[in-house]
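In this text, all values refer to a predicted model and were calculated from it rather than measured experimentally.
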Amino acid sequence: MTLPDLIIPTYVQMLAALSGWLRKAEAQEGVTDALMSARLAPDMFPLATQIRFACVQAQEGVYRLRGEAFSASITELLDEGRSAGDRPGTIADACARIAETLALLEQVRGNMPAIDPAAPIAHTLPQGMVFDLTAEQFVRDWALPQFYFHLMTAYAILRAQGVELGKVDYVAHMFAYLRPGTAPGA
């Protein structure tokens, strides 16, 4: 298995799940776009930011592994995310950002170069800190954990706000592997 074979399907299936959670929220009676401003704690970013930052992490992971400069879409997502406390946007806006990220991932899926897991990656944060990692360490210790942090925070905010989500919504991608006749009540 290659690093792109691990990271891209993970991003795709979980961003698709996130989009499904938002559609479920939108369809639930009493849920409005005000949900996008909800936070788990006062010092945490709102749902709108968590969604955009999950998209940033997916895009950043791909660009960094490809050794390419980040696209303008990453800057746009970061700017939207940072200002989401004042301008959270709508559920539809968030779903559109997820769809854009999924389209990018599908575009590069078959176009990822072979990546040496030991290849060096200098990961620079906006505060000026630089982490020297191998490609494998970047995927394992940064790209996937950061992505899942924002994804799971979004899930937790949705649940805390009363959106009717459960484990089946989180692992919806697993039903493609379900052996026929083994589901409860089957």
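- To the nearest 0.5 Å, atom CD1 of residue Ile51 and atom CG of residue Asp93 are 10.0 Å apart.
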For residues 115-129, run the donor-acceptor check on the side chains, cut-off 3.5 Å, and write out each pair with its distance to 0.1 Å, sequence neighbours left out.
| unit_1 | atom_1 | unit_2 | atom_2 | d |
| --- | --- | --- | --- | --- |
| Asp116 | OD1 | Ala118 | N | 2.9 |
| His123 | ND1 | Arg64 | NE | 3.1 |
| His123 | ND1 | Arg64 | NH2 | 3.4 |
| His123 | NE2 | Trp142 | NE1 | 3.1 |

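- Between Tyr170 and Trp21, some side-chain heavy-atom pair lies under the 4.5 Å cut-off.
- The salt bridge (Lys or Arg N to Asp or Glu O under 4.0 Å) contacts involving residues 34-55 comprise Arg52-Glu80, where partners must be two or more places apart or lie in separate chains.
- Annotation: salt bridge (Lys or Arg N to Asp or Glu O under 4.0 Å) contacts involving residues 22-34, sequence neighbours excluded, comprise Lys24-Asp169.
- In this structure, the side chains of Ile157 and Val163 stay at 4.5 Å or more apart for every pair of heavy atoms.
- Here the side chain of Ser19 pairs no donor or acceptor atom with the backbone of Leu15 at under 3.5 angstrom.
- Screening residues 135-160 for salt bridge (Lys or Arg N to Asp or Glu O under 4.0 Å) gives no qualifying pairs among residues at least two apart or on separate chains.
- Tyr148 is listed as a side-chain neighbour of Met14, based on a closest heavy-atom distance under 4.5 Å.
- Between the side chain of Asn111 and the backbone N or O of Val108 there is no donor-acceptor pair closer than 3.5 Å.
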Which donor-acceptor pairs under 3.5 Å do the side chains of residues 2-12 make with protein atoms, sequence neighbours left out?
| unit_1 | atom_1 | unit_2 | atom_2 | d |
| --- | --- | --- | --- | --- |
| Thr2 | OG1 | Asp5 | N | 3.1 |
| Thr2 | OG1 | Asp5 | OD1 | 3.4 |
| Thr2 | OG1 | Asp5 | OD2 | 2.9 |
| Thr10 | OG1 | Leu6 | O | 2.7 |

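- When side chains are defined from C-beta on, Ile91 counts as touching Met36, because their heavy atoms get closer than 4.5 Å.
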task = Could you please spell out the steps behind the side-chain contact (heavy atoms from CB on, under 4.5 Å) verdict for Val62 and Met112?
result = CA-CA 8 Å; Val62 168; Met112 288 291 288; 4.0 Å; yes
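- The side-chain hydrogen bond (donor to acceptor under 3.5 Å, both in side chains) check on Gln161 picks up nothing, with sequence neighbours excluded.
- Annotation: side-chain hydrogen bond (donor to acceptor under 3.5 Å, both in side chains) contacts of Arg87 (sequence neighbours excluded): Ser83.
- Under a 3.5 Å cut-off, the side chain of Tyr155 and the backbone N or O of Gly166 do form a donor-acceptor pair.
- With sequence neighbours left out, the side-chain hydrogen bond (donor to acceptor under 3.5 Å, both in side chains) criterion links Thr101 to Gln59.
- Every residue meeting the side-chain hydrogen bond (donor to acceptor under 3.5 Å, both in side chains) condition with Gln13, not counting sequence neighbours, appears here in chain and number order: His173.
- Pairing each heavy atom of Glu106 with each of Arg109, the nearest pair is OE2-NH2, 3.0 Å.
- Residues passing the salt bridge (Lys or Arg N to Asp or Glu O under 4.0 Å) test with Glu164, sequence neighbours excluded: none.
- Hydrophobic cluster membership for Val168: Phe175, Leu178 (Ile, Leu, Val, Met, Phe, Trp, Tyr linked by side-chain heavy atoms under 4.5 Å, directly or transitively).
- Side chains of Thr49 and His150 form no contact here, defined as non-hydrogen atoms less than 4.5 Å apart.
- The two residues Leu40 and Ala160 make their nearest non-hydrogen contact at CD2-CB, 4.2 Å.
- Grouping Ile, Leu, Val, Met, Phe, Trp and Tyr residues whose side-chain heavy atoms lie under 4.5 Å apart, directly or via other members, places Phe45 in a hydrophobic cluster with Phe53, Val56, Tyr63, Phe70, Ile74, Leu77, Leu78, Leu104.
- Between Pro46 and Ser37, the closest heavy-atom pair is CB-O, 3.6 Å.
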